[in-house]
There are 2 protein chains.
Amino acid sequence: MPIKPSDQIMHKAAWLYYMHGLRQDEVAKQLDISRASVALYLRRARDSGIVTISTSTDLFSHETLARELEDLLGLTSVWIVPEDRQALDPAAEMPVLAATVFLDLVRKGDKVGVAWGKTVYHIADVMPFADLNGVTVVQLCGNLGAPYSYRPDQCTTEIARRLNAQGINFYAPLVLSSERLAEELRAEPMIREQLASIAECDLALYSVGGIEADSHLVKCGALTPEEMRSLGERGAAGVIAGQIIDVEGRLMDCAHNRRCISADLGSIKAIPKRIMVVQEDNKYEPLVAAIKGGFASHLIVTASMGKRLKERFATSK
Amino acid sequence: MPIKPSDQIMHKAAWLYYMHGLRQDEVAKQLDISRASVALYLRRARDSGIVTISTSTDLFSHETLARELEDLLGLTSVWIVPEDRQALDPAAEMPVLAATVFLDLVRKGDKVGVAWGKTVYHIADVMPFADLNGVTVVQLCGNLGAPYSYRPDQCTTEIARRLNAQGINFYAPLVLSSERLAEELRAEPMIREQLASIAECDLALYSVGGIEADSHLVKCGALTPEEMRSLGERGAAGVIAGQIIDVEGRLMDCAHNRRCISADLGSIKAIPKRIMVVQEDNKYEPLVAAIKGGFASHLIVTASMGKRLKERFATSK
DNA sequence: GAAGGTATTTGACTTTTGTCAATCGCCTCG
DNA sequence: CGAGGCGATTGACAAAAGTCAAATACCTTC
């Protein structure tokens, strides 16, 4: 078959319109056809994939990855931190970005829930001072014993202080030694009220924990390395607000979770804006589980993590 | 510098608009900004080169080359014949395309000028039969002696016959043995009239000749190989309607041209639509000269020739 | 050569987009 | 702490693009 004349005129119209920036009526005049035909050809050109959004520039490749992840994971917004910057000063770039995003999303009168961990602590550390009177910062989970360095109440308090907001701490341990005691404590009016109020949060800021032998839960003594390993064998994948979730992001049915005083996972998922910040690349499996569980609506990750997530979720459907 | 927030929102707007095909007001709603802002971001996105016309598909790569040549050479229209097709049956694809283009451009009542050569002869040979009453086909140059196979009058006559048009032949030799005789013949009313009428043509169809030892002008005995070589040394580059042009496409000041009875080059350039068809890849230098001289408004070449032209003219400015 | 079906083209109308002056919010500097 | 500058944002209007029914050209097929 010879060259299709309609292809030529279509391409020519697209060229003049998109490359030269002519208007449709100018293209029509130049090709000596009606403007309606130009519109038709342009539609076909778009449909046949001549016109695309380019992702060439390096500045935009991360943005593109972010958009793809938003589409793929059904998230509201994704931010990708370039690898090199993250490597340069792991503690700086991502927490600063997270703090910016956080400030951008918080509104006067909001109630924000904050979990605990190194990541959140770092974010609190670089949070700019602001006057967000009327904002309430609540802890999403119980407290850890004194010796541990990144304490839940510290995170809450520090963020509240910087925002000039009201900080509400959680006066209960994260993990108790018996299920019975945990149950009784959860039934206490003050604790129950505080836990119930988490569902009313407008915004959550947290990360996801890993289940390795050196994870926070093990380091703080809540679980022994053996218990953690055993949970991993039973399908555990990560930690959300002190609680173990499985690979699908569901609350694990285990003794630890029953001994835990923390936000109900359903309540967390019900928070409209859930900012999840993941710095470490070895948090891949936990993050996948957290995303499957619907714990994130806003995600901040490194480029390499973003790429892994893209591959993971692109093939899964 | 951290990630620019305005970049993110710009990219996000472009993504939703161009990739998801949302309308500006939908994008505005989703990003919670005004539609005017969306329009602003989209403009910036286009300006920063996020949105481009893609040239990826192989079907369109030739079209893209054609568009680039149109822009680069300032031509109205360029057609590229794919290499493989041309190689398959060199005599078929390009002449068919040329005939199609010719038929597409000719209008009732037009006067069309036709030159001579193997290429034009082949085009005439595949020209479909049509009823173009009112069209006049004129010869652009004088005739050659009987023994030569691709005669100017044959081309004219055959095309006129197929189109059911009026063919006007040229009753003078292309080359005379003396300059004086050529001058006198050109002064003859009938010849002068015919030559003058060429400027009134609406359409021209021709190729460009080479200046090698086996070129038409040599083979038909108008010039000896030595004369041709000598002209080449003086800057000759090609042949237009029997006349020698230099590398810039200007009429050479030489005895041959003075002995020639052919269309005035200025008259040819004044023809609104000038279809130049070049089949052979060794016609590169002649074609460059012809293009520089402004002898083409519509060009039909092979992909390899197109690429060479693109390189040649891309660097020249 | 007429009939019938299909693809293309167009004019007229509606919807969407581009633009710009006015406004808003924010930051800096006195 | 207020004035002033500056970029971002918006509302409203003008311009451009999208759409669709009707008309037209264009093939087949009988």
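So you know, we letter chains A, B, ... as the sequences are listed, proteins then strands, and number each from 1. Treat the numbers as computed from the prediction; the structure is a model and nothing was measured.
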Enquirer: Any salt bridge between B:Glu158 and B:Arg161, counting N to O under 4.0 Å?
Expert: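 The answer is yes: the pair qualifies as a salt bridge.
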Enquirer: In whole angstrom, give the distance that lies between atom OH of B:Tyr41 and atom C1' of C:dT17.
Expert: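 Rounded to the whole Å, the gap is 17 Å.
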Enquirer: Is any side-chain N or O of A:Tyr17 closer than 4.0 Å to OP1 or OP2 of D:dA17?
Expert: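 It does, given that an N or O in the side chain of A:Tyr17 lies less than 4.0 Å from OP1 or OP2 of D:dA17.
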Enquirer: CE of A:Met10 versus C1' of C:dA7: gap in Å, rounded?
Expert: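 Result: 16 Å.
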Enquirer: Which angle, rounded to 10°, do you find between the first-five-pair axis and the last-five-pair axis of the helix from C:dG1-D:dC30 to C:dG30-D:dC1?
Expert: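 Comparing the first five pairs with the last five, the axes sit 30° apart.
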Enquirer: Any side-chain donor paired with an acceptor under 3.5 Å for A:His11 and B:Arg67?
Expert: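 Distance-only check passes for A:His11 and B:Arg67.
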Enquirer: Taking only the side-chain nitrogens and oxygens of A:Arg46, find out if one of them lies under 4.0 Å from OP1 or OP2 of D:dA17.
Expert: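 No, because none of the side-chain N or O atoms of A:Arg46 sits under 4.0 Å from OP1 or OP2 of D:dA17.
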Enquirer: Specify the separation, in whole Å, of atom CG of A:Leu40 and atom C1' of D:dA23.
Expert: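 My rounded result for the distance is 16 Å.
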Enquirer: Closer than 4.0 angstrom, basic N to acidic O: yes or no for A:Lys12 and B:Glu70?
Expert: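 A salt bridge links A:Lys12 with B:Glu70.
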Enquirer: Sub-3.5 Å donor-acceptor pair from the side chain of A:Arg35 to the main-chain atoms of A:Ala28, do we have one?
Expert: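 No.
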Enquirer: Is the phosphate of D:dG18 approached by A:Arg44 (side-chain N or O, under 4.0 Å from OP1 or OP2)?
Expert: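 No.
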Enquirer: Restricting to side chain to side chain donor-acceptor pair (under 3.5 Å), what partner residues turn up for A:Thr157, sequence neighbours left out?
Expert: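 For A:Thr157 the side chain to side chain donor-acceptor pair (under 3.5 Å) partners, ignoring immediate neighbours, are A:Asn169.
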Enquirer: Roughly, in whole Å, what's the span from CG in A:Leu103 to P in C:dC26?
Expert: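 That distance rounds to 13 Å.
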Enquirer: Under 3.5 Å, is there a donor on one side chain and an acceptor on the other for B:Arg46 and A:Tyr18?
Expert: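 No donor-acceptor contact under 3.5 Å links the two side chains.
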Enquirer: Tell me, which of residues 20-37 of chain A have any heavy atom that sits under 4.0 Å from an atom in DNA chain C?
Expert: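 Those residues whose heavy atoms fall under 4.0 Å from DNA chain C, taken from residues 20-37 of chain A in numerical order, are A:Ile33, A:Ser34, A:Ala36, A:Ser37.
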Enquirer: Give a yes or no on whether the backbone of A:Glu68 and the side-chain of A:Asp71 come within a donor-acceptor separation of less than 3.5 Å.
Expert: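 Checking the backbone N and O of A:Glu68 against the side chain of A:Asp71, no donor-acceptor pair under 3.5 Å is found.
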Enquirer: Is there a donor-acceptor contact under 3.5 Å from the side chain of A:Thr100 to the main chain of A:Val96?
Expert: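 Answer holds: yes.
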